[in-house]
Amino acid sequence: MKGGRILLLLVCSSVITLGVFAAGPPTCPADLGGKCSDSEEWEGEFFPGIPKIKYEGPSSKNPLAFKWYNAEEEILGKKMKDWMRFSIAFWHTFRGTGGDPFGAPTKYWPWEDGTNSLAMAKRRMRANFEFLEKIGVDRWCFHDRDIAPDGETLEESNKNLDEVVALAKELQETNIRPLWGTAQLFMHPRYMHGGATSSELGVYAYAAAQVKKAMEVTHYLGGENYVFWGGREGYQSLLNTDMERELDHLARFCEAAVAYKKKIGFNGTLLIEPKPQEPTKHQYDWDAATTANFLRKYGLIGEFKLNIECNHATLSGHSCHHELETARINGLLGNIDANTGDPQIGWDTDQFMTDISEATMVMLSVIRNGGLAPGGFNFDAKLRRESTEVEDIFLAHISGMDTLARGLRSAAKLIQDGSLAELVRKRYQSFDTEIGAQVEAGKGDFETLEKLAMKWGEPKVPSAKQELAEMIFQSAL
Ligand code: XLS
Ligand code: NI
Ligand code: NI
């Protein structure tokens with residue numbers, strides 16, 4: 001199992017921006033039947049024959065149509081598109097290859113030429129925008145190094161990024177913008193001990209420079225949020241780690257990000273994305289509660305919110321609903337990385353969500369939060385290794401969008417029906433009394449409570465009605 005575990009850790013890093021540097025992308029796999037383009041200019045459409053995806057309703061049998069997601073339809077006083085604020089993750093959709101630690105890539109999209117050149121980066125960006133247009137989503141998310149190749153120097157990397165960002169800005173026109181941008185601080189070997197928590201000051205500085213630039217381009221593109229996912233901000237062993245010092249460094253890094261955001265006039269939300277482990281043995285932003293504690297300890301509450309990823313939630317031993325509620329009740333729910341794990345595979349499989357119950361619970365939190373704006377739902381999800389046709393990119397996103405849309409409809413039904421809320425209200429009704437209110441107001445001192453306990457005698461403990469709660473929930477799906 002140990003060997004398996006190491007391989008699993010490798011999987012996580014391989015899902016993101018495969019072949020960005022060093023080893024580079026695979027060469028054109030003629031032997032595997034891969035069809036690689038070699039022309040500089042891409043003629044015509046990237047997704048020929050695929051129309052703009054429309055809503056056709058639940059009875060439609062057309063796989064290239066929405067059955068539940070009807071962007072303009074109002075649910076609980078808000079258009080579906082405004083509840084969802086969907087976003088496409090560039091790294092999975094345009095850099096994912098289906099490769100895993102046990103096997104070579106399985107996907108070679110027709111527009112790939114087997115290189116990681118600037119010309120290729122630009123062509124991919126054009127494919128991204130054609131996809132956004134056809135799927136009807138007006139937000140996208142990126143890491144700096146997914147969209148533009150690393151250069152020999154920081155200056156060269158920045159120049160590459162500027163060139164691709166200029167094209168993205170043009171292609172965005174007026175209606176498309178990033179839901180969030182981020183810096184990739186986990187792929188390059190310099191980040192092997194982390195970025196902000198590296199033991200090496202030079203790396204800390206390099207990470208800061210990369211985040212500075214990524215914040216600038218996110219701002220330039222009209223991004224609504226900026227994400228920090230600390231893939232390698234953690235440790236492999238406490239024996240050689242000064243955890244207190246590393247956490248202090250991470251906090252200083254966050255403070256500098258806040259200062260820079262203000263300096264450049266970026267009004268987007270800064271988001272921290274918790275994850276318990278992968279690729280480190282233990283990541284500092286383990287889960288929502290741990291991250292909230294970090295923010296509170298260092299006086300950063302109010303400057304950051306959380307980006308909750310469902311697959312990370314289950315990796316930390318919680319449900320996605322738990323993580324969303326923890327973030328929400330602390331005023332920290334900012335964004336959702338909408339994906340799901342696999343109950344039989346132990347790592348971050350980043351699958352599109354297909355479970356209607358899970359989607360309904362997710363949407364219950366979102367509704368209670370009054371929506372997510374300026375956050376939204378980023379599909380941090382990838383096609384299965386075995387799904388290899390261009391059409392599968394559409395099918396995967398349609399299925400993910402429909403699942404969440406169905407979740408929204410079910411959650412709205414539950415709220416409108418009111419019986420679940422009534423069950424919860426009744427459960428706590430003893431606190432709705434005069435004495436209960438005093439206790440909740442902090443006036444329940446122990447002497448008073450002892451007198452009451454003696455006067456009341458053995459309390460009658462009511463039923464939690466858990467099965468009834470489940471029945472009500474099920475009937476809304
Ligand atoms: C990896 C994370 C990553 C972040 C962005 O597990 O989910 O994709 O969302 O760096
Ligand atoms: Ni994520
Ligand atoms: Ni993830």
Side-chain angles (χ1 to χ4, degrees), residues 47 50-89 92-93 131-140 179 308-311 319-321 324 335-341 350-373 375-384 387 391-418 420 470 472-477:
F47 305 100
I50 299 190
K52 187 161 167 75
I53 308 301
K54 297 204 181 72
Y55 172 71
E56 291 185 1
S59 59
S60 169
K61 293 271 180 278
N62 176 8
L64 289 172
F66 296 117
K67 323 290 179 302
W68 305 95
Y69 179 61
N70 187 12
E72 300 296 326
E73 185 181 330
E74 276 203 11
I75 306 256
L76 297 178
K78 216 193 281 233
K79 286 186 177 175
M80 278 187 119
K81 65 175 187 192
D82 297 328
W83 279 118
M84 315 312 291
R85 295 169 56 82
F86 286 128
S87 165
I88 306 302
H92 285 308
T93 305
F131 178 68
L132 287 167
E133 215 275 309
K134 288 191 165 172
I135 196 82
V137 167
D138 47 17
R139 290 180 179 80
W140 63 296
L179 178 64
I308 300 296
E309 177 165 322
C310 291
N311 203 161
S319 63
C320 189
H321 197 200
L324 293 172
N335 193 81
I336 298 178
D337 265 9
N339 63 13
T340 197
D350 288 334
Q351 293 165 216
F352 281 85
M353 201 179 272
T354 51
D355 182 333
I356 301 159
S357 305
E358 188 179 22
T360 303
M361 288 185 274
V362 165
M363 293 313 302
L364 274 175
S365 289
V366 172
I367 294 171
R368 285 186 189 132
N369 202 54
L372 292 168
F377 283 92
N378 167 47
F379 282 111
D380 198 349
K382 60 182 177 193
L383 300 188
R384 299 299 82 211
S387 298
E391 190 197 62
D392 294 324
I393 305 178
F394 282 84
L395 299 178
H397 285 87
I398 292 170
S399 142
M401 289 163 79
D402 264 347
T403 302
L404 283 159
R406 211 167 160 181
L408 172 62
R409 291 175 188 277
S410 306
K413 224 161 126 190
L414 269 173
I415 288 169
Q416 273 158 346
D417 165 79
L420 200 53
E470 299 287 351
I472 297 169
F473 180 78
Q474 295 293 332
S475 65
L477 301 185

Worksheet item: Do T403 and E358 come within less than 4.5 Å of each other through their side chains, counting heavy atoms only?
Response: no
Discussion item. Using the rule side-chain contact (heavy atoms from CB on, under 4.5 Å), only one of D337, N378, N335, I336 pairs with E309; which is it?
Written reply: D337
Practice prompt. Answer with yes or no whether the side chains of D380 and N339 bring together a donor and an acceptor at under 3.5 Å.
Written response: no
Item to complete: May I ask you to decide if I472's main-chain N or O and S475's side chain share a donor-acceptor pair within less than 3.5 Å?
Response: yes
Practice prompt. Check whether any side-chain N or O of D402 sits under 3.5 Å from a backbone N or O of Y69 as a donor-acceptor pair, and report yes or no.
Written response: yes
Worksheet, complete the sentence: Between the CG atom in D138 and the CG atom in L179, the distance rounded to the nearest 0.5 Å is 10.0 Å
Discussion item. If you define the side chain from C-beta out and look only at heavy atoms, does anything of M80 sit under 4.5 Å from R409?
Written reply: yes
Item to complete: List the steps, then state whether side-chain contact (heavy atoms from CB on, under 4.5 Å) holds for C320 with L324.
Response: CA-CA 6 Å; C320 189; L324 293 172; 3.9 Å; yes
Worksheet item: Can you tell me if K52 uses its side chain to pair, donor with acceptor, with the backbone of E133 under 3.5 Å?
Response: yes
Practice prompt. Indicate yes or no: at least one non-hydrogen side-chain atom of M84 is less than 4.5 angstrom from one of M401.
Written response: no
Worksheet item: Is the number of heavy atoms from other residues, nucleotides or ligands under 6.0 Å of K61 NZ greater than 12?
Response: no
Practice prompt. Could you tell me the separation between the CZ atom of R406 and the CG atom of L408, rounded to the nearest 0.5 Å?
Written response: 13.0 Å
Discussion item. Suppose we screen for ring pair (Phe, Tyr, Trp, His ring centres under 6.0 Å). Which residues come up paired with F394, at least two apart in sequence or across chains?
Written reply: F47, F131
Worksheet entry | Least distance between heavy atoms, L395 atom then P63 atom | CD2-O, 3.7 Å
Worksheet item: At their closest point, which heavy atom of S365 faces which heavy atom of H321, and how far apart are they?
Response: OG-CD2, 3.2 Å
Discussion item. Within the structure provided, determine whether I367 and W83 are in side-chain contact (heavy-atom separation under 4.5 Å).
Written reply: yes
Item to complete: Provide the closest heavy-atom pair for L64 versus I398 in the form atom of the first, atom of the second, distance.
Response: CA-CD1, 3.8 Å
Worksheet item: From M361 CE over to L364 CG, what is the distance, rounded to the nearest 0.5 angstrom?
Response: 8.5 Å
Item to complete: State, yes or no, whether a side-chain contact exists between H397 and V137 at a heavy-atom distance under 4.5 Å.
Response: no
Worksheet item: What pair of heavy atoms forms the shortest contact from F377 to A338, and how long is it?
Response: CD2-CB, 3.8 Å
Practice prompt. State, yes or no, whether a side-chain contact exists between L404 and F86 at a heavy-atom distance under 4.5 Å.
Written response: yes
